[in-house]
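Atom set for the values below is all heavy atoms of this structure, side chains included, hydrogens, waters and symmetry mates excluded. Each chain gets a letter, A, B and so on, in the order the sequences are listed, and its residues count up from 1. Treat the numbers as computed from the prediction; the structure is a model and nothing was measured.
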Amino acid sequence: MVAGLQVGTATTASAQDCQVSIGAVLSITGSMAAIGSAIGDAGQLAVDQFNEAGGVNGCQIRYVLRDDQGSPNVGVDAAKTLVEIENVPVVLGAIQSGVSLPVLTSVTVPAKVTQISCCSSAPSFTDLAASGGTDGYWFRTLPTDRPQAVVMANIAREKGYKNIAVIYVNSDYGVSLSRQFKAATEALGGQVASMTAYNQEQASYRAEVNSALQGEPDALFLIAFPADGATAAREWISFGGTQNMLLSNALRADEFVDAVGAQYLSNAVGIDNAQVEGPSVDAFNTAWSAKFGSAPNGPGLHTMYDAAAVALLAMEQGGEANGTVVRDSIRLITGGEGEVVNPGVEGFKRAKELIAQGKPVRYVGATGPITFDANGDVTGPYLIWGVKDDALTTLDTWDSARVDAAIAEIDG
Amino acid sequence: MLQALADGILTGSIIALGAIGLTLTMGILRFANFAHAEMITWGAYMALGALALMGPFMAPLGALSFGLPLIIAMVIAAVLTSLLALMIDHLVFRPLHGRPNDMTIVFSSFGVSLLVRMVVLLIFGGSAQYYSNTLQIAVPVAPGLRILPDQLFVLGFTIVTVISLHFFLQRTRLGLAMRALAENPTLARVNGIDTRVVIRWTWVIGASLAAVAGVLYGLTVQLRPEIGFHLLLPLFAAVIIGGVGNVFGAVVGGLIVGLAESLSVFIIPPSYKLAVPFIILLIVLYVRPTGIFGSAHHAGAK
Amino acid sequence: MTGFAAYLVFFLIIALTYSIVVMGLNLQWGFTGLFNAGVVGFFAVGAYGTAVLIGPERAGAIGGFGLPFPIGVLGGAALAALAALIVGLATLRLREEYLAIATFGIAISIQLIALNFEALTGGAMGLISLPRPMLDVFSSPAHYNLFYLGVVAILALVVYLALERAVTSPWGRVLKAVREDETAARSLGKNPVLIRLQSFVLGCTLIGFAGGLYVGFIGYVSPLDFLPILTFQIWAMLIVGGSGNNRGAIAGAIGVWGLWTMSGLLISQVLPVQFQSQGGAIQVILIGLLIVLTLLFRPRGLIGERETVSKHAGPR
Amino acid sequence: MSGHLFQANNVVAGYRPDLPIIHGVSMHVDAAEMVTIIGPNGAGKSTMIKAIAGVLPISSGSVTLAGKDITRLPTHGMAAASIAYVPQTDNVFTTLTINENLLLGASSLPKAKALEQVGKAYDKFPALKQYRDKKAKVLSGGQRQMLAVARALLTDPHLIMLDEPSAGLSPLMVSDVFARLRELVESGVSVLMVEQNAKAAMAVSHRTYVLAEGRNRVEGVSSALAQDPEVIAIYLGAGGRKR
C-alpha cells in the first residue's frame, strides 16, 4: 500500500509540463472483477506505448481508471468525475452494457464526450444510436452479438449438431447472444433443445446443468465468463453432459481451460472476434507478453487496447482534447485508404509522423482492421479456437466477407 | 427427478451443517448473526490457505478428490474460524450487548459480515478457486442418477457431525449448560454457570461447524468470496423452519430448503431458485412462526 | 457551467435522492427500532414501478403505460408500500430479527425478479429510454440538472418537514414508546404491532419514492442499480449521520456519499493500476468500519437523537 | 455486627445505575435463621433480593457472607460462595428434564460430586424421582417450586434466598412449601425470602424486614412485628392482600 502510493506519486511527478487525461470506467471489482483488471491493463498498455512514442500533441497522457464495481450508480458517478473534474475528452468503457448505457445517456452524450467501449455487446446501443440517442459519441470495438451467433450456428451445422442445449449467463450479453444463436440455428435447420439462464457468481450451477441435461442434447453452447463458465462446464462434464461444446468469445481464457481441464475440452470449439494473423495482431500480442509475461488470452484485452489506441490516435489527429473533435476524428483514422499503422510504440510513432505531415492514417489494431459503421458498431473477422496440448489454439478464421455471407444466407 | 432429489439432499446437508451453528448461536446468544455466513466463507478460504501452505504430500483417498491434507486443513480452518468468531465477539458484539435497541447487535453483525467478506476478497482475490483442479466425474448409480464420490463423503461427514453434536449436547455438562443458557440465561447464571465461558464455547462450536460446512461446500462447488453470503438466506430459512435453537430442526430445515431449491427447477426457471428459501420462509412465518420443531419458548411469537 | 460545479450539482441530486431513502429508513430504525436489511429491494420496487408506469411501449412486454412522471413515481411508491405490507404482516408480530431476515430475503427476491422477469423489467438489459420529466423545456443538460436538483431538494425538504411533524405528533410519541417499552405501550392501549407496521410501510414508501426520483434522473433502470452494497451504503449514511434525527439523516447521506465518491476518486489517483483491483474492496471495508466503529464509539452518530429515553442496560 | 452469617450494608441498586430503586438498605441473616422481607408493591423487595443474589448490579454498599465480601461477585460465583437463589418466575428449565435441572444446580461442583448430590436430592425429594426423565414443563406449579428448591440445595448452600416461593400456589401448597423451608432451617440452612403473603411468611420466620420505597421501614422479630399496629394496618390488614 505504501509502496503503491509512492509509485503513484512518482508517475505523476515524472509527467511532462503538459498533460492530457483519458478516462476509463471498468469493473475492477464486483461481478466482472475476474476479467476487469486485465482489461484495465490493456488500456494502460496502449497509453504507455503512446507516451513512449511521444504522447498526444506533445503532451503526456494520463490514464485515469475508475472502478464501477459492476454497478451503474457507481459507474455513472465515476464517469461524471472523469468528465467534469478530470476534463477527459474520452471515456473508455464500461464492460457491462448495463453500466455503459447509463454512462452514455446521462454523462457522456450530454457532456459531448466520446465513449468507446471494449466490451458492451448489447443490441440496444445500435437501436439507441440509430434513433439519434448517442449523437455519434458512442463507439465500440467489439462486434455485436449477431455475427457471432450466426458464425456459431454455422459451426454447429458443420459439426452436425442437431439438438443443442444453451446455457447462458443471465446478463445483457448472455441473453442477447443466446437469442441470436437460437434464431440463427433454427434458421439453419437445427434445433435448440433448451435455453437455460444462470445467475452470475453462484458457487454451483448443478440445478441449471441438470435442467439443461433433461433435453438429451448432443451439444452444448455455453455463453459465459471464464470463472462461472468453468463451474458450469465442470458440472456439465461431471454429470455426464456431452463434451461437444461450443464456447462463447468470453471463454477464450487460460483461466477457463485450466479450471476445466484441457483433456475435457478436446472437442470444444470456441469463437472470438480477434484476428490472430497479421502484423498488427502480432504487434499487440508481443507487446503484451513482454510486459505481463503471459499470452493475452482473456476477454476484452484486444478490444480494450484498440479502444484506447483509437481514442489516442483520434486525439492526435484532431489536435485537441475535445470530445466532439475526437468523435469526428475517429472515422478519419480508422476507415479509408490511409497508410496502415499497427499497435506498438513504432506504430504510434509512425502514425504521429504521418498525421504531422497531414497524410491519412489507417489504424489496423489488435483485433485487425476496424471500421465503425454509422451506429459506432464494428463488424470484424472471427477466429475459431480450440484446445490442443493444454493450450488455446486457433482452428480457423472467418474473415469479414465470410461472416457477411453467412448473415446474408440467413437473412436470405 | 432422481438426480434433483439426490442433489437436494446433498445441498441440504451442507445447509444443515451451517444452520446448526446458526441455530445454536441464535438460540444461545439471542441474536440473528448475519455474519455467520461469512464464517463459512472464512473457513473455506482458511482451508484453502492451509492447503497451499502444506503443499501436496499425499495422494487422494480412494475415489475422493482429496486426501489427508484437506482433513488437516479443515481442522486448521475450524481453529482459525473459531478465533475469528471470538475476536468479533470480543471487539463488537459484547460491547454492543445491552444497548437500548437490541437490534443494534444484529445490525452490527450485518456490518461485520461485509468486513469479513471484503477482507477475504482482499487476501484471496475475487476469482474462483478450487481445492483440487482435477475434475471428478460423477458415477452413475442408477438410471438418471449420478453421484460424485465427494458428495457421498460430504453426506456421511454431515451425518456423523450431527450425531456427535447431538451426543455432545445431551450427554456433556457443557452441552447441558448450553441448553440451559438457551432457555434462561439468568437462571443459568444463578445456578453457577459462567455464561461467558459457555458463550465462548458456543462461538467455537458454531464457528467450527461453519468452517466445516465451508470446506465441505467448497469441495463440491467453487470457492468465491460470496459463497457464504449466498447461503445466508437458506441458512436463516432452515433455522426458522426448524425452530430457533433446535439442532434437529436445523437439520430437517436444511434438508427441506435444499430439496425445495433443487426440486423447484421443475416448476420455475432455475434462475429464480435463490428466491425459493425466501418463499418457504414467508410461508412458515405466516403459518407456523415457531417453526416445525420450535417450542413455545424460543418461539418467534412475542 | 462545467467542472466542479457541474459535478457538484450531479452529486447533490444523487445524494439528496439517497437522503430521502435514509429518512425513510430513519423512520423505521431511528424512531421505531425496526431493522430493514433490504433497503435496496424497496428502492428497486419504487424504481421499477416508476419505470414501468412511465416507460414507452415495448413489444411483447407488460407495462409501457407512458403515464406522466408524477403518477409513475407515486405508483412506484405505492408498490413499495405493498411489498412492505406483505413482509410486515408476516414478521412484525414476531421476534424483531425476523423482520431483518425477511427484508433481507425480499431484497434478494426482488433482484431476481428484476433480473429474470423480462416481460416486466426488461431483465438483464433493463429498461432504457425512459422519459425524463420536462427534459425538453431546458436548453442544456446543465440547466436541466440544476432544475432536477431543485425538484429533489424541495421534495427532500417536504419529506423532512413532514417527518419532523409526524415524529413530534402523538403518533410519533407512540412510535418511540413502542421502541422503548413495548409492554408500557400496550398498557396504554396502543397495538404495538399495528404501530410498527405503519412505520415500516411508511418508511418503505419513502424509500420507493426515492427510487422513482432516481429513475427520473438517470432515465434508465437495470438490475445492476440495486446491488446489496447499496443497502450498506444507506445504512452507513443513517448510522454516521445519527439515527433518530432527520437532519442527521440528510447530513449522513451527503457526507457518506461524498466520502464514498471521494475515496473512489482518491483510490484511482493514488493506487497504481496493479493495486486498483483491491480499491473497491478497500472502499467497502471503509464503509463497514465506519458503520461498526460508529456503533461502538459514537452510537448516536454525528447529529444523534437527544437522549430522552431510558436505557435498559443489562449485564450479559 | 460482623458476627452475622450474611450481611448487607447500605445497598444501593436498581436496573440502571442512574435510577436506583434500592436506596441504602441494610439487613442481616444469622446461621439457621429464617428471615422474611415484606413490603407493599414497588417497595423494591424483589430488586433487593436480586441485587444481593448478584443478578442485578450493586452501585454502592457491601454484601458479605461469613465475613467474606461478595458484593462484586459475578452471578455465577454466588453458588460457589454458598448462596443459592430461587427466582419468583421461570425458576426451572422447562425444556430440560428433571434430572438435567438438578444436574445444572450442581454446575459448580466436580462431576462425581454433582452426581452424588443429585442422588441425595432424590432421597430428600422422592416425589421428583418418578419424573426423572420428564421435561420440567410437565410439572405443576408446586412441583416446580419443589424442583427449584431441590436444585438450589444441591451445592449445600449456607443461605438460600427465595423470591415469593408461595406465589401462584394453592393455600395447601403454600403451607407445605413453608413447612419444607422450616425443615431446612432446622437442618442448619439459613433462609431469606421475599413474600407477598406476609401473614403466612411471618408465621414461619424468625425475623422480618419491612421495606417501603426502597428503604428499611421496620424490622424486628416476626412474632412481635405481627402484633405491631403499624405493620398490621399497612401490610396485614386484609391478610396480606395485594395492594
Would you say the side-chain atoms of A:R206 pair up with the backbone N or O of B:T220, donor to acceptor, closer than 3.5 Å? yes
How long is the span from the OG atom in A:S204 to the NE2 atom in B:H230, to the nearest 0.5 Å? 11.5 Å
Once you round to the nearest 0.5 Å, how far does CZ of A:R234 lie from CD of B:Q222? 8.5 Å
Can you tell me which portion of A:Y198 sits under 4.5 Å from chain B's heavy atoms? Options are side chain, backbone, both or neither. neither
Atom CD of B:E226 and atom CD of A:Q200: how far apart are they, to the nearest 0.5 Å? 10.5 Å
So for B:N133, is it side chain, backbone, both, or neither that comes closer than 4.5 Å to the heavy atoms of chain A? both
Could you report the tightest heavy-atom contact between B:V221 and A:A203, atom names first, then the distance? CB-O, 3.0 Å
Bottom line for A:Q202: the part with an atom under 4.5 Å from chain B's heavy atoms is both
Within the side chain of A:S238, is there an N or O that forms a donor-acceptor pair under 3.5 Å with the backbone of B:Q136? yes
Non-hydrogen atoms of chain B under 4.5 Å away: do they reach the side chain of A:D228, the backbone, both or neither? both
Other residues, nucleotides and ligands only: do more than 12 of their heavy atoms fall within 6.0 Å of NZ on A:K291? yes
With rounding to the nearest 0.5 Å, note down the distance linking OH in B:Y130 to OG1 in A:T231. 3.5 Å
Only one of B:P269, B:P270, B:S271 passes side-chain contact (heavy atoms from CB on, under 4.5 Å) with A:E208; say which it is. B:P270
Measure distances from B:S262 to the heavy atoms of chain A and classify the residue's part below 4.5 Å as side chain, backbone, both or neither. neither
Heavy atoms of A:F239 and B:Q3 approach each other most closely as CE2-NE2, 3.3 Å
For each of B:T11, B:D7, B:L135, tally heavy-atom pairs with chain A at distances under 4.5 Å, and name the one with the top tally. B:L135
In terms of heavy-atom pairs under 4.5 Å with chain A, the winner among B:V265, B:I147, B:L274, B:T134 is B:L274
